[in-house]
Amino acid sequence: MGGLDPSDLKWRVVAPVLDRLGLGGAAAVTLLTGTALVESRAARLVQGGGGPALGLWQMEPATHDALWEMLAGGEHADLRTRVEGMSCADIPRVAQMIGNLRYGCAMARVKYFFDPAPVPDAKDAGALCAYWKRIYNSALGAGRVDSVHVAAFATAIGA
C-alpha cells in the first residue's frame, strides 16, 4: 500500500506548516515527516483495526484535547492562534485530524513542543526514532525503536 510521497509530504506540507508555527528547522521537519511515516506510512487517515487514532500522524482524540488544554493559558497564546489559523470553522477540530493535513501536522508538532528536550540532529535517524518513541508513541505505544522504524526516519531524512 502506498502513501504520500515522503518528499511531497516533507516539503509541501510539513515544512510550510512548521515555518508558519515558528517551530521549524531541519530537525523538526524531518521529525514530523518521520512521525507520519512510522505512525501511518503517510497513508492511513484512521487507525487500522478500529482504534481511535486519527490522521497521518495518528493522534488520539484524548491527546488532541489535552494539547488544547495545555495551549489554553496565556503563555502559549501566539502558538494557539497560529494553530487555530490552520483549522476550519465548519468541522470539529478533532475531526480535522483526518483530512486537514496542515492541522494534523500542527497538532503533532504541538505534542513535541511541550517536551523540554531539544529535537535531535536532523541527520540522526536512530535518535529521531528514539525521540518519537519517548514523546509521541510513549512507553505504552506499540511502536519500537527498531530497524523498521529507524528506516522510516532515514526515509524522512532522504526526502
Q.
Nearest 0.5 Å, please: how far is CG in Asp65 from CE in Met107?
A. 8.0 Å

(Q) Donor-acceptor check, side chain of Asp121 to backbone of Ala27, threshold 3.5 angstrom: yes or no? (A) no

Q. Do Leu56 and Leu9 come within less than 4.5 Å of each other through their side chains, counting heavy atoms only?
A. yes

**Q.** Cluster check Val119, Leu32: I/L/V/M/F/W/Y, side chain < 4.5 angstrom
**A.** yes

Q. Nearest 0.5 Å, what's the CG-SG distance between Leu21 and Cys105?
A. 7.5 Å

**Q.** Min side-chain heavy-atom separation Leu23-Phe113 under 4.5 Å
**A.** yes

Q. Just by modelled atom types, is the Gly22 backbone N or O under 3.5 Å from a matching donor or acceptor in the Arg82 side chain?
A. no

Q: Compare all side-chain heavy atoms of Leu101 with those of Leu4 and state whether any distance is below 4.5 angstrom.
A: yes

Q: Output the distance between atom OG1 (Thr63) and atom CD (Gln58), rounded to the nearest 0.5 Å.
A: 11.5 Å

Q.
I'd like to know if the side chain of Gln96 and the backbone of Gly104 have a donor-acceptor N/O pair within less than 3.5 Å.
A. no

(Q) Looking at Glu39 and Arg44, is there a salt bridge between them, counting it only when a charged N and a carboxylate O are closer than 4.0 Å? (A) no

Q) With hydrophobic residues grouped by side-chain heavy-atom distances under 4.5 Å, do Val14 and Leu45 end up in a single group? A) yes

Q. What is the distance from atom CE of Met97 to atom CE of Met59, rounded to the nearest 0.5 Å?
A. 4.5 Å

Q) Between Arg80 and Ala72, is there a donor-acceptor pair closer than 3.5 Å when you use the side chain of the first and the backbone of the second? A) yes

Q: Heavy atoms only: give me the nearest Arg144-Lys133 pair and the separation to one decimal.
A: NH1-NZ, 3.8 Å

Q. Are Leu37 and Val145 grouped together when hydrophobic residues (ILVMFWY) are joined by side-chain heavy atoms under 4.5 angstrom apart?
A. no

Q: Over all heavy atoms of both residues, which pair between Gly3 and Ala43 is shortest? Give the atoms and the distance, please.
A: CA-CB, 3.7 Å

Q) Between the main-chain N or O of Trp132 and the side-chain N or O of Asn137, is there a donor-acceptor pair closer than 3.5 Å? A) no

Q | OG1-CG distance between Thr33 and Asp8, expressed to the nearest 0.5 angstrom | A | 11.0 Å

Q. Just by modelled atom types, is the Ser87 backbone N or O under 3.5 Å from a matching donor or acceptor in the Arg93 side chain?
A. no

Q | Aromatic ring proximity Tyr136/Tyr131, centre distance under 6.0 Å | A | no

Q | Whether Ser7 side chain and Ala159 backbone form a donor-acceptor pair below 3.5 Å | A | no

Q.
Salt bridge check, Arg134 against Asp115: does any charged N sit closer than 4.0 Å to a carboxylate O?
A. yes

Q: Would you mind reporting whether Glu84 and Tyr103 have side-chain heavy atoms less than 4.5 Å apart?
A: no

**Q.** Exercise: identify the closest heavy-atom pair between Ile157 and Lys10
**A.** O-NZ, 3.4 Å

Q. At what distance, to the nearest 0.5 angstrom, does CZ of Arg102 lie from CG of Leu18?
A. 11.0 Å

